[in-house]
Amino acid sequence: MRISYNLLKTLIDFDWPPDKVAERLTMSGSEVESIEVMGPDVRGIVAAKVSGVRKMADSGKLSVCEVFDGKGKYDVVCGAPNLSDGQIVLYAPPGSRIPGTKIEKTKIHGVESSGMILSEAELGLSDIADVISVLESTIKPGTTLEKIVDYKDTIFELEITPNRPDCLSHIGIAREIQALGGGTLRLPRIDVRETDEEASAAVKIKIDDPLGCPRYTGRVIRNLNIAPSPLWLKMIVYYLGMRPINNVVDITNFVMLELGHPLHAFDFDLFHRPEVLVRRAKQGEEFLTLDGMTRKLNKEHLLITDGRDGVAIAGIMGGERSEVSTATRNVLLESAYFDPVAIRRGSKALGLATESSRRFERGADPNMAQTANDRAGALIADIAGGRMLKGIIDNHPAPFVPVEIELRPNRVNMLLGTDLSRDRMIEILGGLEIEFSSNGTVRAKQPSFRPDLTREIDLIEEIARIDGLENIEPRFRPGGELVTPESKEAALIRKTRSYLCGLGATEIFSFTLVDSRMTSRFGLGEKCVKILNPISEEMAVVRPDLILSALPVIRRNIGFREKDLFLFEIGNIHVPQGKGKLPSQRYSLMIARSGFENPVFWGGKARPCDLYSLLGTLEDLADYLHMGAVELRPAEHFAFERTRSFEIVVNEAVIGYAGMLSSEGCSIADIKGEVYLAEVDFEMLVTMVPETLETSGLARFPSADRDIAIVVDDAVKSADIRKAIIEGGGDLIEDVWIFDLYRGKNIPDGKKSLAYGIKYRLADRTLTDEEVDNAHREIARLLNDRYGAELRS
Amino acid sequence: MNQFLTSLETIERKAEEAFRKAVDRPSLEAVAAEFLGRKGTLTSLSKQLGSLDPADRPAAGARLNILKKRLVELKEEKSKAFESRVEPESAFDYTLPGRRSFVGRLHPLMQTAEQIIQIFRGMGFEVASGPDIDTDFYNFDALNTPEDHPARDLSDTFYIDKGILLRTHTSTVQIRTMQSKKPPVRIISPGRCYRSDTPDASHSPVFFQCEGLYVDEGVTMGDMKGVIIAFARELFGPDIKVRFRPHFFPFTEPSVEYDFSCMLCGGRGCRVCKNNGWLEISGAGMVDPAVFKAVDYDPEKFTGYAFGMGVDRITMLRYRINDIRLLYDNDVRFLRQF
């Protein structure tokens, strides 16, 4: 909402400078987003009379004329098409200023021009640029621009919250300033001069839907002249962000900006019948609005008709057929009150929001309808020269009934933490023009211009914001008995994140919305939660797992030549549970690796990631969290290469999947290179982490460390060998680990050499060499029996 | 005899391996002593010669000598290799970079969220969470946002089904928490929220919010100011100032927006704060009685405050990030800066 400092001054006596107005309004809830100073660069402009206009030879549209500025006569070259003798115009003599230009004497086509005749756009007074501004003939040559129009102004751009329709007007803002102690409000003086002809004889007003239209007032004005508005009116309408059209339309807009009440003027001669009928539109009824569009209406729309056809969509936009034009002589002036919900639904259905609908849907002031009509009618009679018929027709089937609100002063202080006196509270209510009675409790009456005030809490808010939030003393309440420990899950998320980060993985925070084309190509179409109204296919599905939201991240980074990736995320995934039910949501952990395992160093060799790099990360984490051993078992997964696709098993439970992105997956995700991915159900992981950790004492007897190297068929799995070693060594074995895997020279084709380290130890005594030898032999025998393993020594 | 020869072969293989593995001079000497020393393997083997068939002895002796020569060669070779590798002192380059382990990074949004959580936990707030996908009851109805409120337009909210949507704020968690327990309630709820905004430098359809709620007997607006001021100081230092401006939200009344003094210019005015010295952070207010009614709390008995903040917005302010998309693109060149 744009608010003019000058216009405010006509509605309230106050002496705050503009920056104080901005500060106080912002701190009381009408945030000033910007301040625009109007006309600072304009200087030395005066009215002048034109004479002796003659076309210049060979110069197209240019003319030369004489201007008289009250003191002297000067030759001026001008290209405006509307220049003619006898006009009073705005003249910029040499040495004067207009925005962006200092005026000097110039030669145009060999003719000396002493200054310029100005258009309104050149002065920033309106958007009219193609013609020069022609003033009323009563203005004397030599009158300065300052005396003609109050063009130096300050315009505040305010952000008005949707609960405050009253502040979409100058009177509303003036009332705020009054409540803040700036001065006393005064309504504009309205000088209604009517003819003897009764308006009620000229027009009938009927309301079919009193809920949608609780009040409709009309005035009839005859024999007026539609013309451009006087400069002051064009200027204020333009300063406030609207386009000047003609005197009648500009007046209705001006009154709306001044008093907050939207009005509409009809060309009354274009009505089929001398009546107004407000009714609901028929489903599918068509209506041509004044912007030239044919609109399809529905039963929610309120339609203003002339008893036969529509003339306006109530509260939203007028019709083209009855629009005021230069030919208009007789006007019906509407000032009504429409139901906010009806207007909002209507505006939404049409996708059409106007200055009028914005105000009605938030709630106009039903009691302002007549005042606004009188104000606009008086201005029209004054400016457009019409005759107002006697009386206003006021069809008011559902008068405004104010809500009575009880205000308990101690409740105010209890809620705000303040110590305000009852007198101060009453003073604030008074400033806001809220009527009240006060004996014991305070009983306030909702003003018709404040649809937001219906409860005690609403009044408490008024007191808080007008007294000033800065006056509420900040207090600090300590935690007390409410302090609760962190949940196991939250603690484990934190621990896992910092551990993975320390391992070298970078955390990502990916988009939970993923590409529906990608999910359907992976065959997950029905397994995903879909958005009914997505912005684009790219963000049309809520991720069913973290791998899907990680793939675009991997693609992006590889695309920027960042190929050595080690990424992780812990986040929510969503799985549909059937129509009408909330999807299930679980925490999941994703790990991705690609490129080289570690950065390349000058002394070492870089190793490309493989499945074991990924598995190692999982094992590190499982070990760190004391979950138990990690096993991979072949299992299918939509994203993985068939031969590199596994489920992750811990304590005989499947907690996730690990594998290599399949070549099809690479093409779906547009990724080049090998990518290894794991996804772990984090909530299952949490259950595997012991609640408490118990340490054990250190072994007191020495261990015997032996190696065993064997050659076996390639197909033999190392986990089986390990199991056999443990079985063969029995209780003597403390630990077994593989330290070498070798194929090649000295090993026959189809075979591999595996080397294990074995730590033998007993808790209660030192083992003898013989015991260890026996165990070692037994292991070798078992391996040979079971897997044909040959010792390699 | 055959057994003797086999053991020579085994010893040769073992010795070769042992010499190859020697990494420095002491370990080389140790290996040499093991095989060639006075009490070494070869010495004990030569003692066994006597027990062989006299006919086999010369051949066996010859084979033993060949092995001995081979082992001496191995030792010499290795020893030379060590010599050639000795660098002059001046060649030691202490300007070479060290051999580092590569450490990852935590996402800046999560770092900020962690810090926010830590600060509020310290002030007695519990972390509560709820589903990203929720019903319109939790997202709108219970929060005093009636059917015809502009915030319910289809254009702002992603819907999954009739009445099921992607939450537009984490206030849903406040309702769920209040439904599940009686006051006192003191929670914060961080989490992703969704709005169908086309992505640009300052809008993201997925964003990260954290909201707080405290309901008890006698909670005042002064308490609300106190906790937000304490938070601001913890996060941005003791000089930060907080400004509260009246505002409107359907679920709080009185409602406010709160601003922090610009941490870049100290409130004097700069480009970041558009010369007004204040940075808008988020909204807060006293819980509207209508919300209490929706969760069956007695608004006469209990009062409370709620506040929100954008984790993304605070992250952007902290690290002077001017495009929110950087936070969600997950470009490692960006993430490595944290």
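Computed from a predicted structure; not experimentally measured. Throughout, protein chains are lettered first and strands after them, A, B, ... in sequence-line order, and every chain is numbered starting at 1.
A heavy-atom distance below 4.5 Å is found between the side chains of B/Asp132 and A/Gln585.
Note that NE2 of B/His107 and OG of A/Ser510 are 8.5 Å apart. Values are rounded to the nearest 0.5 Å. Atom OG1 of A/Thr506 and atom CG of B/Leu106 lie 8.5 Å apart (nearest 0.5 Å). In this structure, CE on A/Met27 lies 7.5 Å from CZ on B/Arg245, to the nearest 0.5 angstrom.
Contact of A/Pro534 with chain B is made through the backbone alone, with heavy-atom distances under 4.5 Å. Interface residue A/Glu486: backbone and side-chain heavy atoms are both found under 4.5 Å from chain B. Looking at A/Asp452, there are no atoms closer than 4.5 Å to chain B (heavy atoms on both sides), in backbone or side chain. In this structure, the portions of A/Ile472 lying under 4.5 Å from any heavy atom of chain B include both its backbone and its side chain. No part of A/Leu500 comes within reach of chain B, as not one of its non-hydrogen atoms sits under 4.5 angstrom from that chain. With a threshold of 4.5 angstrom between heavy atoms, B/Val127 does not approach chain A through any atom at all. With a 4.5 Å cut-off on non-hydrogen atoms, A/Leu565 touches chain B through its side chain but not through its backbone. If you measure heavy-atom distances from B/Phe338 to chain A, you find no contacts under 4.5 Å at all. Interface remark: A/Lys581 contributes backbone atoms only to the contact with chain B (heavy atom separation under 4.5 Å). A/Arg556 touches chain B through its side chain: at least one heavy atom from C-beta onward sits under 4.5 Å away, while N, CA, C and O do not.
Under the 4.0 Å criterion applied to side-chain N and carboxylate O atoms, A/Arg497 and B/Glu114 are assigned as salt-bridge partners. Here B/Lys225 does not pair with A/Glu473 in a salt bridge; the nearest charged N to carboxylate O distance is not below 4.0 Å. Using a 4.0 Å cut-off between charged nitrogen and carboxylate oxygen, A/Arg408 and B/Glu300 count as a salt-bridge pair.
Relative to the six-membered ring of A/Phe560, B/Arg333 meets both conditions, a distance below 6.0 Å and an angle of at most 45° to the axis.
Aromatic rings from A/Phe509 and B/Phe208 are positioned such that their centres are separated by under 6.0 Å.
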